[in-house]
Engineer: 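To start, I am sharing the structure in question, which I have written as structure tokens.
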Amino acid sequence: MALPLARPTRRPPSAKSRRPSARPSARPPARRPARSPSASRLRRSQRRTAALLITPFFVLFAVVMAAPIGYAVWMSLFQERSSGLGFGGTEQVFAGFGNYTKALADAGFRASFAHIALYCALYIPVMIGGSLALALLVDSALARAKRFFQLALFLPHAIPGLIASIIWIYLYTPGLSPVLEWIGAFGGSWDFYRNDHVLASLVNLSAWQWMGYNMVIFYAALQAVPREVIEAAVVDGAGALRTALQIKVPMIASAIVMTVLFTCVGAIQIFTEPKLLNQRGAPSIDTEWSPTLFIWKAGFVRHDYGLAAAASLMLAALGVVLSYLVTRLGNRWKAATS
Amino acid sequence: MSTLTHDTAPATQPSASPRPATTAPRRTTPNALLSKGAVNGLLIIAAGYTLLPVTWLLFAATKNHRDLFATSGFAFGDFNLLANLRHVLTFNDGIYLRWFGNSVLYSVVGSAASTLICVATGYAFDKYDFHGKEKLFGLVLGGVLVPTTVIQLPMYLLATKAGIVNTYWALLLPALVNPFGVYLARVFSEGYVPNEVLEAARVDGAGELRTFARVSLPMLAPGFMTIFLFSFTASWNNFFGALVMLNDEQLYPVNLGLFMWNSVTQQQPEFYSLVITGSLVAVVPLVVAFVCLQRFWRSGLTAGAVK
């Protein structure tokens, strides 16, 4: 994912590195006069080694990624029709784009995209803003105990997503939760599962898991910002806040764009958290709340594989479109700031 | 304290500006103190937020079922940790241990194999020229973009046809393919294995494969560790895949087992302490591993993030 951004800068070293490996053939007589015809043999053995080294990956890639995608495309074109009165079993019939229109016509499917759009609108600013702010704080000359803070903030990422969700769901549960206890002690009350609160509960859960991870990425990028640039800004009279927002943030643009990209692609696949909230009986999180929940239900509860495949492919397409948009906008931003 | 402020004032307002020297110290000293307090205060709040749920888990795991609801979240009840642990480890003929072993198998064995494959592939992409190289690499990058949950259903159906649903292979096989690992391996190979070393090995007459195994692989060890950690986390976290592929309780990873226990807590509240203590047992080794191996995940994040 990071890749489209990282590639242009990475290319020169690889181009450079290619040259030395070709060099032996350019000056063989000096070193190994006995093996003058070895250049082509060397190249042949190199090609053979390369093939040997990459074959396992691409064989598995074909089996585990390409084949399922191809199969999903094929599956999405067929529907199961029950023959007769439904007693004669079902048969596969070619449906063209039938499954796609069926999915798009499904109110639950459309609603699931509306849900994640709303979720992203809240989650992405909170998450990116939060982790950026934390990275700038840790990067600031005033911060103490930087190692401790980095570790403490990264800790949630070491906790598996399912367990993190379970812990937070318990922290949302009346009777079990110290958080609700504290709120109660101050005379307040809060229902984490109520319709107009549940999105915030969900965002909190995801942000808790990923903020520290992204903070470490941003912090690493900030460390790479040349100190002279910052010193120059300070000499020019920029305060710490201005330096942070106008000098440091634009200079780590590519890390920010990459993180937004990762966050978007992750967010559209959200499954575990809403599934657990649904299990807890949060009233507005239904069994088709997110597209992946919809797909799961279509495939494994309703056994409508064609519909599930079509929905999966549309979700994948959304991911590709989002990646394209984020990279485009990111490139424009980088061009504007540099 | 005064020495501290004297130290920081010139650091933030470098001495390069001689003109406001008379006024600057007076104005920045309280300011610097204030902002130092603000910066560290905010960080403490943030760290409190990230540490709170884990701390609560620690407290909760020490309580018996009654205290779990009767006592305050951050207070001790009767110290019941050992009894809880015994309960988790022996419940249902020790199924938790079996789940834990399964998780280790899926994550450690799967990731080690997958990382070796990634490193070999990334190394070949970096060090060798071959036909259609950049196109193949483009395919790898495309693979990074494919959301895994999206191909889970067709993968399940193919696995059904192949007869591997409800076997260890159902989770191990998909875990072997890690396109992002290949990308990282290529970056690491560029950084860690100088081409001159390969040249020297060739001059000494070492075969290419032997050079890879004996010379390059050891040099790639930190990169190997980094990719291993990434893929380990991914498989340890893989809940959706396990939910789809496995029906047999005996094959569950910890994740899925805890999910199943958690799903009955509302009918049978005594499962709460099983889930809580089970979560703690699953989390502690991971946290320890992350703290010990921090330089690896940091280098992986950096390799992915900073050009």
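Computed over heavy atoms, backbone and side chain alike; hydrogens, waters and symmetry mates excluded. A note on names: the letters A, B, ... follow the listed sequences, proteins ahead of strands, and every chain is numbered from 1.
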Engineer: Check whether B:Lys161 gets within reach of chain A through its side chain, its backbone, both or neither, counting any heavy atom under 4.5 Å.
Structural biologist: side chain

Engineer: Roughly how far apart are A:Ile54 CD1 and B:Phe130 CZ, rounded to 0.5 Å?
Structural biologist: 4.0 Å

Engineer: Where does B:Ile44 contact chain A at under 4.5 Å (heavy atoms): side chain, backbone, both or neither?
Structural biologist: both

Engineer: Check whether any side-chain heavy atom of A:Gln46 sits under 4.5 Å from a side-chain heavy atom of B:Lys127, and report yes or no.
Structural biologist: no

Engineer: Side chain from CB out, backbone as N, CA, C, O: work out which of these in B:Asn238 comes under 4.5 Å of a heavy atom of chain A, or both, or neither.
Structural biologist: neither

Engineer: Can you tell me how far apart OH (B:Tyr272) and CD1 (A:Ile166) are? Round to the nearest 0.5 Å.
Structural biologist: 10.5 Å

Engineer: Under a 4.5 Å heavy-atom cut-off, does chain A meet the side chain of B:Phe212, its backbone, both or neither?
Structural biologist: side chain

Engineer: Given that the side chain runs from C-beta out, which part of B:Thr233 has a heavy atom under 4.5 Å from chain A: side chain, backbone, both or neither?
Structural biologist: side chain

Engineer: Which atoms of B:Pro179 are under 4.5 Å from chain A, going by heavy atoms: the side chain, the backbone, both sets, or neither?
Structural biologist: both

Engineer: Measure B:Leu209 against the heavy atoms of chain A and call it side chain, backbone, both or neither at under 4.5 Å.
Structural biologist: both

Engineer: Under 4.5 Å between any side-chain heavy atoms of B:Gln152 and A:Trp296, yes or no?
Structural biologist: no

Engineer: For the CE atom of A:Met75 and the CG atom of B:Leu158, what is their distance to the nearest 0.5 Å?
Structural biologist: 8.0 Å

Engineer: Kindly indicate, with the supporting measurements, whether the criterion side-chain contact (heavy atoms from CB on, under 4.5 Å) is fulfilled by B:Leu52 and A:Leu171.
Structural biologist: CA-CA 10 Å; B:Leu52 173 130; A:Leu171 290 177; 4.1 Å; yes

Engineer: If you tally heavy-atom pairs under 4.5 Å against chain B, which of A:Tyr219, A:Trp182, A:Trp74 wins?
Structural biologist: A:Trp182

Engineer: Taking C-beta and beyond as the side chain, do B:Thr50 and A:Leu155 meet within less than 4.5 Å on heavy atoms?
Structural biologist: no

Engineer: Would you say that B:Ser263 contacts A:Leu276 through its side chain, given a criterion of any heavy-atom pair below 4.5 Å between the two side chains?
Structural biologist: no

Engineer: Which answer fits B:Phe259, side chain, backbone, both or neither, if we ask what part of it has an atom under 4.5 Å from a heavy atom of chain A?
Structural biologist: both

Engineer: Could you check if a side-chain atom of A:Gln279 sits within less than 4.5 angstrom of a side-chain atom of B:Asn262, using non-hydrogen atoms only?
Structural biologist: yes

Engineer: Got a second to check how far B:Leu280's CG is from A:Ile163's CD1, nearest 0.5 Å?
Structural biologist: 9.5 Å

Engineer: Rounded at 0.5 Å granularity, tell me how far CZ in A:Phe57 sits from CZ in B:Phe125.
Structural biologist: 8.0 Å

Engineer: How about CZ on B:Phe69, more than 12 heavy atoms from neighbouring residues, nucleotides or ligands closer than 6.0 Å, or not?
Structural biologist: yes

Engineer: Counting only non-hydrogen atoms closer than 4.5 Å, does B:Leu243 touch chain A with its backbone (N, CA, C, O), its side chain (CB onward), both, or neither?
Structural biologist: side chain

Engineer: Can you tell me how the ring of B:Phe239 sits relative to the ring of A:Phe271, calling it parallel under 30°, perpendicular over 60° and tilted otherwise?
Structural biologist: tilted

Engineer: Heavy-atom distances under 4.5 Å only: say whether B:Val182 touches chain A with side chain, backbone, both or neither.
Structural biologist: side chain

Engineer: Ring-plane angle category for A:Trp168 and B:Tyr49, please: parallel below 30°, perpendicular beyond 60°, tilted otherwise.
Structural biologist: tilted

Engineer: Within the 4.5 Å heavy-atom criterion, are A:Arg280 and B:Thr265 side-chain neighbours or not?
Structural biologist: yes

Engineer: Report the relative orientation of the aromatic rings in B:Tyr156 and A:Phe300; use parallel for angles under 30°, tilted for 30 to 60°, perpendicular for over 60°.
Structural biologist: perpendicular

